Amino acid sequence: WLVIAVGLVRAYLAKGSYHSLYYSIEKPLKFFQTGALLEVGIVPSSVVLTAFQVMSRVFLTWAVTHSVKEVQTEDSVLLFVVAWTITEIIRYSFYTFSLLNHLPYLIKWARYTLFIVLYPMGVAGELLTIYAALPFVRQSGLYSISLPNKYNFSFDYYTFLILVMISYIPIFPQLYFHMLHQRRKVLSHTEEHKKSE
């Protein structure tokens with residue numbers, strides 16, 4: 001994720017604009033985000049929450065941004081890429097220092113505080129990107145299967161993407177409030193521990 005962050009900064013400095021920076025980090029983003037599938041069940045977080053988050057990001061990376069080339073120039077793509085990148089740099093730093101038994105308070109604080117802005121920012125970028133993809137998906141019939149066919153089965157990817165967007169309504173608040181609860185629990189415990197010393 002540091003590779004992606006450096007790639008974004010270098011591309012911005014070279015172009016002097018934040019538009020279309022996706023192309024400068026497309027390959028590492030696909031590699032690292034797909035590689036995150038390996039951490040489901042390994043990291044010390046809820047398996048369900050981790051699986052949902054990783055799968056939704058892999059879906060957005062491949063089934064939306066990769067598949068619908070027209071959205072790759074959208075600013076919303078940069079919005080979720082920046083949010084993911086900062087979040088992952090903090091999260092992996094947190095895990096690394098925890099394994100070394102030397103977790104600086106600043107990293108713990110960042111892990112349980114910056115999500116307050118980064119999470120809604122990432123979700124907004126994801127939703128805006130899916131929304132931008134809709135007209136192109138409808139026009140091209142991407143991934144859709146229409147009747148009649150030998151399997152007697154139909155699938156409308158356009159409708160599926162709308163359902164994915166609607167699914168954010170019940171799921172996002174649950175995940176967000178779960179993180180707020182974790183923040184109160186972890187940071188208040190740290191403050192009490194400091195006071196007892």
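For clarity, every value in this text was computed on a predicted model and none was experimentally measured. All heavy atoms count here, side chains included; hydrogens, waters and symmetry mates do not.
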Could you go through residues 21-30 and list every donor-acceptor pair under 3.5 Å that involves a side-chain atom there, pairing it with any protein atom two or more places apart or in another chain?
| from | atom 1 | to | atom 2 | distance (Å) |
| --- | --- | --- | --- | --- |
| Ser24 | OG | Leu21 | O | 2.5 |
| Glu26 | OE2 | Lys30 | NZ | 2.8 |
| Lys30 | NZ | His66 | ND1 | 2.7 |

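- With hydrogens and angles disregarded, no donor-acceptor distance shorter than 3.5 Å links the side chain of Tyr112 to the backbone of Met179.
- In this structure, the ring of Trp84 has its center less than 6.0 angstrom from the ring center of Phe80.
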Quick one: side chains of residues 159-166, donor-acceptor pairs under 3.5 Å with protein atoms, not counting sequence neighbours, listed by atom name and distance.
| from | atom 1 | to | atom 2 | distance (Å) |
| --- | --- | --- | --- | --- |
| Thr159 | OG1 | Asp156 | OD2 | 2.5 |

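- The local environment of OH in Tyr131 is sparse, with at most 12 non-hydrogen atoms from other residues, nucleotides or ligands closer than 6.0 Å.
- Interatomic distance, CG of Leu8 versus CG of Leu78, reported as 6.5 Å (0.5 Å rounding).
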Starting from the C-alpha separation in whole Å, work towards a yes-or-no answer on side-chain contact (heavy atoms from CB on, under 4.5 Å) for Val186 and Trp109.
CA-CA 9 Å; Val186 171; Trp109 178 87; over 6 Å; no
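- When all heavy atoms are compared, the tightest approach of Val54 to Gln33 is O-NE2, 4.4 Å.
- A 4.5 Å side-chain heavy-atom check between Leu180 and Phe115 finds at least one atom pair inside the cut-off.
- Counting heavy atoms of neighbouring residues, nucleotides and ligands inside a 6.0 Å radius, atom CZ of Phe177 does not exceed 12 of them.
- Within the 4.5 Å cutoff, the side chain of Tyr158 has no heavy atoms near those of the Ser144 side chain.
- Tracing side-chain contacts under 4.5 Å through hydrophobic residues (I, L, V, M, F, W, Y), one reaches Phe94 starting from Leu175; they form part of the same cluster.
- One hydrophobic cluster, built from ILVMFWY side chains closer than 4.5 Å, holds both Tyr18 and Leu13.
- Under the 4.5 Å side-chain heavy-atom criterion for grouping Ile, Leu, Val, Met, Phe, Trp and Tyr, Phe31 is not connected to Val6 through any hydrophobic cluster.
- In this structure, Tyr143 places its OH atom where more than 12 heavy-atom neighbours from other residues, nucleotides or ligands lie under 6.0 Å away.
- The line from OH of Tyr95 to CD1 of Ile107 is 13.5 Å long, rounded to the nearest 0.5 Å.
- Minimum heavy-atom separation, Gln174 to Pro170: NE2-O, 3.3 Å.
- No donor-acceptor distance shorter than 3.5 angstrom exists from the side chain of Thr50 to the backbone of Val47, with no hydrogens or angles considered.
- The shortest side-chain heavy-atom distance between Glu70 and Gln139 does not fall under the 4.5 Å cut-off.
- One side chain, Glu39 or Tyr92, offers a donor N or O that lies under 3.5 Å from an acceptor on the other.
- Nearest heavy atoms, Thr34 versus Trp62: OG1-NE1, 2.7 Å.
- The minimum heavy-atom distance between Ser20 and Lys15, with the atom names listed, is O-NZ, 3.0 Å.
- Here the closest heavy-atom approach between residue Ala110 and residue Ile90 is recorded as C-CG2, 3.9 Å.
- A chain of hydrophobic side-chain contacts below 4.5 Å, direct or via other Ile, Leu, Val, Met, Phe, Trp or Tyr residues, connects Ile89 to Val81.
- Counting non-hydrogen atoms of neighbouring residues, nucleotides and ligands closer than 6.0 angstrom, the CZ atom of Arg183 exceeds 12 such neighbours.
- Heavy atoms from other residues, nucleotides or ligands lying under 6.0 Å from CZ of Phe59 number more than 12.
- Remark: Glu126 CD to Thr65 OG1 distance equals 9.0 Å, nearest 0.5 Å.
- Interatomic distance, Ile4 CD1 to Ile86 CD1, rounded to the nearest 0.5 Å: 12.0 Å.
- Shown here for Val64 and Val71, the closest heavy-atom pair between the two residues is O-CG2, 4.1 Å.
- Between Gln72 atom CD and Ser67 atom OG the span is 9.5 Å, to the nearest 0.5 Å.
- With contacts defined as side-chain heavy-atom distances shorter than 4.5 Å, the pair Phe32/Val3 qualifies.
- The shortest distance between side-chain heavy atoms of Val68 and Thr129 does not fall below 4.5 Å.
- Leu38 and Met55 fall into different hydrophobic clusters, where Ile, Leu, Val, Met, Phe, Trp and Tyr side chains are chained together by heavy-atom contacts under 4.5 Å.
- Atom OG1 of Thr73 sits about 10.0 Å away from atom NE2 of His19, to the nearest 0.5 Å.
- Within the 4.5 Å cutoff, side-chain heavy atoms of Phe153 are placed close to those of Ile145.
- With ring centers used as reference points, Phe172 lies 6.0 Å or more from Tyr168.
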